[in-house]
Amino acid sequence: MPESINNLFAIRIPDGWSDDTVYTIMGPEDNGIKHNLVITVDSEINTKEMSLRDAAFLRIESLKENLPGLEILNETEKILPQSERTVYEVVYKFVQNESKPVFQKQVYLIEDKKLYSFAASFSKKTIKTIGTVVDEMIDTFTPFTVKQVNFD
């Protein structure tokens, strides 16, 4: 799998603004689903004052409010095999517009006081195939911190 380092930039953000970056990595279309991995940097949650599970729970509650008929299939804290980072994973399904059920996996990670959310959608078939590829991608996630940027 080729490595990719994309969209690295620095920007000065004034007081009252926040960085809620969203990245989308596009994947293959299979079994009626155009697969992707959406990575969100969430600045709304103060991770200094809560656990990974509590931060994930806030996002899961928001999902339940916005996706009627959402059925949680699995919720677990786990350690990623390669990076050995602790993440919180939620797998659920919902039916959209009376079509086939959509299975979605959300993975949450706190690093450098930021909550990172990873979301990917699957069919019942592809959660077992493309789902493993998505897991491997998440395990290689490496956030960068800007040590020194001179804006002058």
Side-chain angles (χ1 to χ4, degrees), residues 1-13 15-30 33-67 69-94 96 101-149:
M1 185 179 333
E3 293 181 12
S4 178
I5 299 174
N6 295 318
N7 303 314
L8 301 177
F9 59 87
I11 187 168
R12 183 179 290 155
I13 300 173
D15 290 340
W17 293 65
S18 65
D19 178 3
D20 290 333
T21 302
V22 177
Y23 292 96
T24 303
I25 300 167
M26 299 306 297
E29 186 169 339
D30 189 338
I33 302 237
K34 180 69 178 159
H35 293 84
N36 60 37
L37 175 61
V38 178
I39 304 165
T40 306
V41 180
D42 193 335
S43 65
E44 267 185 41
I45 293 181
N46 184 352
T47 60
K48 293 180 229 171
E49 299 179 6
M50 65 178 57
S51 69
L52 175 59
R53 185 195 180 290
D54 290 344
F57 182 77
L58 286 176
R59 290 296 166 237
I60 295 163
E61 287 304 305
S62 177
L63 286 171
K64 288 178 182 176
E65 290 173 12
N66 293 309
L67 289 174
L70 174 126
E71 179 185 345
I72 293 183
L73 304 173
N74 188 32
E75 241 181 290
T76 187
E77 189 171 286
K78 67 182 193 177
I79 297 175
L80 298 176
Q82 180 180 324
S83 66
E84 298 181 350
R85 289 188 174 98
T86 301
V87 297
Y88 196 84
E89 179 181 274
V90 180
V91 179
Y92 58 90
K93 73 175 182 177
F94 63 96
Q96 200 170 32
V102 174
F103 291 80
Q104 191 157 56
K105 182 183 294 192
Q106 298 253 346
V107 177
Y108 302 93
L109 164 71
I110 293 177
E111 182 130 344
D112 293 326
K113 301 175 187 165
K114 293 182 185 128
L115 177 66
Y116 295 93
S117 303
F118 304 85
S121 298
F122 308 96
S123 68
K124 187 173 184 175
K125 172 189 163 198
T126 63
I127 198 164
K128 296 174 184 159
T129 56
I130 294 175
T132 60
V133 173
V134 169
D135 289 343
E136 290 169 3
M137 283 194 299
I138 293 169
D139 199 4
T140 66
F141 177 75
T142 305
F144 293 107
T145 56
V146 178
K147 302 281 184 205
Q148 181 181 2
V149 176

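From a predicted model like this one, the values you see are computed outputs, not experimental measurements. Throughout, residue positions are numbered sequentially from 1 according to the sequence presented.
Under the side-chain contact (heavy atoms from CB on, under 4.5 Å) rule, Lys105 has a single partner from Phe122, Phe118, Tyr92, which is Phe122. Of the options Val134, Asn36, Val102, a side-chain contact (heavy atoms from CB on, under 4.5 Å) to Ser121 is made by Val102 and by none of the others.
Of the possible polar contacts, one joining the Asp139 side chain to the Gln82 backbone as a donor-acceptor pair under 3.5 Å is found. Listed for the Thr142 side chain is a donor-acceptor partner under 3.5 Å among the backbone atoms of Thr140.
With a 4.5 Å cut-off on side-chain heavy atoms, Glu89 and Asp135 count as touching. Contact annotation: the side chain of Lys34 approaches that of Met26 to within less than 4.5 Å [non-hydrogen atoms, C-beta and beyond]. Leu37 places a side-chain heavy atom less than 4.5 Å from the side chain of Ile39. Within the 4.5 Å cutoff, side-chain heavy atoms of Asp30 are placed close to those of Lys125. Two residues are said to be in side-chain contact when any heavy atoms from C-beta on lie closer than 4.5 Å; Tyr108 and Asp42 fail this criterion. Proximity of Phe103 to Leu73: side-chain heavy atoms (C-beta onward) are separated by under 4.5 Å at one or more points. The side-chain heavy atoms of Tyr116 and Val41, taken from C-beta on, include a pair separated by under 4.5 Å.
Listed by chain and residue number, Glu111 satisfy the side chain to side chain donor-acceptor pair (under 3.5 Å) test with Arg85 (two or more places apart in sequence, or in another chain). Under the side chain to side chain donor-acceptor pair (under 3.5 Å) criterion, Glu61 pairs with Lys64, sequence neighbours left out. With sequence neighbours excluded, no residue forms a side chain to side chain donor-acceptor pair (under 3.5 Å) with Thr86.
Distance CG/Leu109 to CG/Leu52: 7.5 Å, rounded to 0.5 Å. Remark: Ile72 CD1 to Lys93 NZ distance equals 13.0 Å, nearest 0.5 Å. The distance from the CD1 atom of Ile130 to the CE atom of Met137 is 9.5 Å, given to the nearest 0.5 Å. Atoms CG and CD, from Leu63 and Gln106 in turn, are 5.0 Å apart once rounded to the nearest 0.5 Å. Note that CZ of Arg59 is 13.0 Å distant from CG of Asp54, once rounded to the nearest 0.5 Å.
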Stepwise, does the side chain to side chain contact (heavy atoms under 4.5 Å, CB included) test hold for Asn74 with Thr76? CA-CA 7 Å; Asn74 188 32; Thr76 187; 4.1 Å; yes
Given the rule in the side chain to side chain contact (heavy atoms under 4.5 Å, CB included) test, do Tyr88 and Ile60 qualify, once you have shown the distances and angles that lead to the verdict? CA-CA 11 Å; Tyr88 196 84; Ile60 295 163; 4.1 Å; yes
Please lay out, stage by stage, how His35 and Val133 fare under the test side chain to side chain contact (heavy atoms under 4.5 Å, CB included). CA-CA 11 Å; His35 293 84; Val133 173; over 6 Å; no
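Minimum interatomic distance between Gln104 and Ala120 (heavy atoms only, all atoms of both residues): CG-O, 3.1 Å.
A salt bridge does not link Arg53 to Glu77: none of the charged side-chain nitrogens sits closer than 4.0 Å to a carboxylate oxygen.
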